[in-house]
Structure formats: structure tokens, C-alpha cells
Amino acid sequence: RGEIKRVHGGAILSSLEFEEKSYDKNVVTNIDSKIKIAKKAADEIFDSKYIYLDAGTTVNQIIDYLPKDSIVITNGIMHLEKLSKNKIKTIFLGGNIKTRTNVVVGEQTLENLLKYNFDLCFIGANGYCDGEFTTHDPDEALIKNTAIKKSKRAIVLLDKSKIGKIYFSRICKKEDVKLITEEKWFTHLP
């Protein structure tokens with residue numbers, strides 16, 4: 001039935017993911033879907049001024065739609081050049097660099113994040129299954145979850161390739177955020 005995968009030495013649930021994809025692989029995957037998601041997400045900005053941008057290649061696409069007078073706080077190294085080119089005031093959280101995913105995490109990142117409150121945050125996730133959004137790294141999950149709690153409104157941007165995938169660390173439950181995907185019916189996932 002496809003519920004388990006045979007692996008060397010046994011079997012695992014087929015929905016569990018153990019490999020964290022690198023930024024270099026993610027940036028070239030599902031580009032059309034990511035742009036479509038960003039366009040839909042832009043309709044949710046309204047008059048938000050203080051915006052948290054989580055690290056991630058889908059979240060990166062929203063930068064082109066941000067108001068020029070917004071103030072962005074981020075832990076995503078991949079966002080800095082684009083934010084600068086778009087002349088958007090940016091506060092970078094700093095912390096321990098994860099070169100594989102082009103993000104900063106850790107105690108310093110969390111301490112800096114706790115200094116701010118947001119009108120809106122855009123969050124990326126590696127997987128969604130059984131009503132929960134997940135990611136590979138517990139440190140990244142903590143940053144994502146904290147940003148959600150510090151925001152008036154939180155939106156997860158997720159392309160359909162991540163539906164049904166479960167990673168090690170839970171970010172939040174579906175009811176904690178609004179979900180935007182490229183397909184309308186995905187936003188009504190259980």
C-alpha cells in the first residue's frame with residue numbers, strides 16, 4: 001500500500017524524510033509553483049509594515065511583492081541580496097550559519113528574534129502531514145515557531161511536493177497558521 005519503505009536493515013514509514021535538501025537544490029526546484037504561491041501570498045500583505053521572512057526558497061519569492069516601506073526581519077541569508085536590491089529596510093537576526101540551507105539559527109538568533117513583534121510572518125516548511133508542518137532541524141523549527149507566536153498573522157508557504165512528507169521536527173499545527181499553496185484545494189488539507 002506504499003505505507004513503508006524497505007531500507008537496508010529493515011523498513012521505515014514511507015512518509016518520513018531523513019535528508020535535508022540543500023539550498024542549491026531547493027532554489028531550482030518547482031520554480032513555477034513557488035512564484036504562483038508568492039503571487040497569492042502577496043494578496044495577504046494588506047497594510048503590514050513589520051514582516052518576518054523565514055528562510056527558504058518559496059519565501060524568497062515574496063520579496064518582489066513587499067511594500068517598499070515595510071521593515072523585514074529575517075534569518076535567511078538567501079534573502080539579503082534581493083531585499084537590498086529592492087531597497088527594503090532589513091534587520092538580519094544573526095547567529096550560527098547553516099551553510100547547507102543558507103540560514104542562521106541558534107541561541108543568538110532566538111534572542112534577537114524575541115526582541116520583535118510582527119504584523120505578519122511568512123514561514124516555509126519541508127513537510128506537511130496529519131495536520132502538522134515539519135522541518136529537518138530542531139533549531140530551525142524553534143525559530144519558525146517563535147516567529148509564528150510573535151506575529152499577528154502567520155502564513156505558511158508550501159508547494160504540493162511537500163504534502164504527505166514528515167520531517168524530524170514539528171513547526172506548528174495547521175490551525176496555528178494560514179496555508180497558501182499553488183493549488184486552491186490544498187489549502188483545505190486535514
Side-chain angles (χ1 to χ4, degrees), residues 23 26-98 101-126 128 133 135 137 139-159 162 171-172 174-182 184 186-187:
Y23 172 78
N26 273 338
V27 78
V28 295
T29 306
N30 299 325
I31 297 298
D32 291 339
S33 291
K34 292 174 185 184
I35 292 169
K36 192 173 185 179
I37 292 166
K39 286 179 181 177
K40 287 171 74 174
D43 292 339
E44 296 291 327
I45 295 172
F46 306 124
D47 61 350
S48 299
K49 182 170 179 75
Y50 302 100
I51 300 171
Y52 179 79
L53 290 184
D54 181 35
T57 55
T58 305
V59 173
N60 186 266
Q61 296 298 324
I62 195 75
I63 294 171
D64 292 326
Y65 304 99
L66 295 176
K68 298 301 179 199
D69 66 338
S70 59
I71 297 172
V72 168
I73 295 85
T74 188
N75 69 328
I77 297 168
M78 76 284 296
H79 301 326
L80 299 178
E81 184 178 354
K82 196 172 188 180
L83 287 163
S84 179
K85 282 182 182 177
N86 287 356
K87 297 181 175 33
I88 295 173
K89 184 174 180 181
T90 303
I91 298 169
F92 185 64
L93 293 176
N96 300 326
I97 297 173
K98 279 185 63 180
T101 55
N102 218 357
V103 63
V104 293
V105 294
E107 187 176 333
Q108 179 186 351
T109 309
L110 182 60
E111 284 178 18
N112 289 337
L113 178 60
L114 289 170
K115 296 175 187 176
Y116 304 103
N117 296 299
F118 311 107
D119 295 318
L120 176 63
C121 71
F122 291 107
I123 303 293
N126 295 88
Y128 173 83
F133 297 97
T135 192
D137 184 330
D139 289 332
E140 283 192 58
L142 177 61
I143 297 299
K144 292 170 188 284
N145 183 272
T146 302
I148 291 166
K149 289 177 180 174
K150 300 283 287 175
S151 296
K152 289 179 187 173
R153 294 185 305 126
I155 299 173
V156 171
L157 307 180
L158 191 79
D159 71 71
K162 298 173 181 179
I171 298 167
C172 66
K174 184 175 184 292
E175 58 265 19
D176 297 333
V177 296
K178 179 173 185 165
L179 170 62
I180 296 180
T181 68
E182 69 272 43
K184 187 174 182 175
F186 280 122
T187 59

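Here the structure is a predicted model, which means the values were calculated and not measured.
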Inset, instruction - Return the minimal non-hydrogen interatomic distance between Ala154 and Cys121, and the atom names on each side. - result: CB-SG, 3.5 Å

Inset, instruction - Would you give the length of the straight line joining atom CG of Leu158 to atom CD1 of Ile37, rounded to the nearest 0.5 angstrom? - result: 7.0 Å

Legend entry - Sequence neighbours excluded, every pair satisfying ring pair (Phe, Tyr, Trp, His ring centres under 6.0 Å) that has a member inside residues 57-94: none

Inset, instruction - First locate atom CG of Asp139, then atom CD of Glu107, and finally report the distance between them rounded to the nearest 0.5 Å. - result: 10.5 Å

Inset, instruction - For atom CD1 of Ile97, decide whether the heavy atoms of other residues, nucleotides or ligands shown that lie under 6.0 angstrom number more than 12. - result: no

Inset, instruction - Would you sort out whether Ser84 and Thr90 count as a side chain to side chain contact (heavy atoms under 4.5 Å, CB included), showing the intermediate values? - result: CA-CA 8 Å; Ser84 179; Thr90 303; over 6 Å; no

Inset, instruction - Mind checking side chain to side chain donor-acceptor pair (under 3.5 Å) for Asn117 and listing every partner two or more places apart, or none if nothing turns up? - result: Lys150

Legend entry - Inter-residue atom distance Leu113.CG - Tyr52.OH, 0.5 Å rounding: 5.5 Å

Inset, instruction - With rounding to the nearest 0.5 Å, note down the distance linking OG1 in Thr58 to CD1 in Ile31. - result: 8.5 Å

Legend entry - N/O donor-acceptor pair under 3.5 Å between Lys82 side chain and Asn60 backbone: yes

Legend entry - Sequence-distant partners of Lys149, side chain to side chain donor-acceptor pair (under 3.5 Å), two or more places apart: Asn145

Legend entry - Side-chain heavy-atom pair Ile143, Leu110 within 4.5 angstrom cut-off: yes

Legend entry - Approximate separation, where rounding is to 0.5 Å, of Leu157 CG and Lys40 NZ: 10.5 Å

Inset, instruction - Kindly say whether Glu44 contributes a backbone atom to a donor-acceptor pair with the side chain of Arg153 at under 3.5 angstrom? - result: yes

Inset, instruction - Verify the ring-centre separation between Tyr50 and Phe118: is it less than 6.0 angstrom? - result: no

Legend entry - Reported CD1-to-NZ distance for the pair Ile63 and Lys85, which is rounded to 0.5 angstrom: 11.5 Å

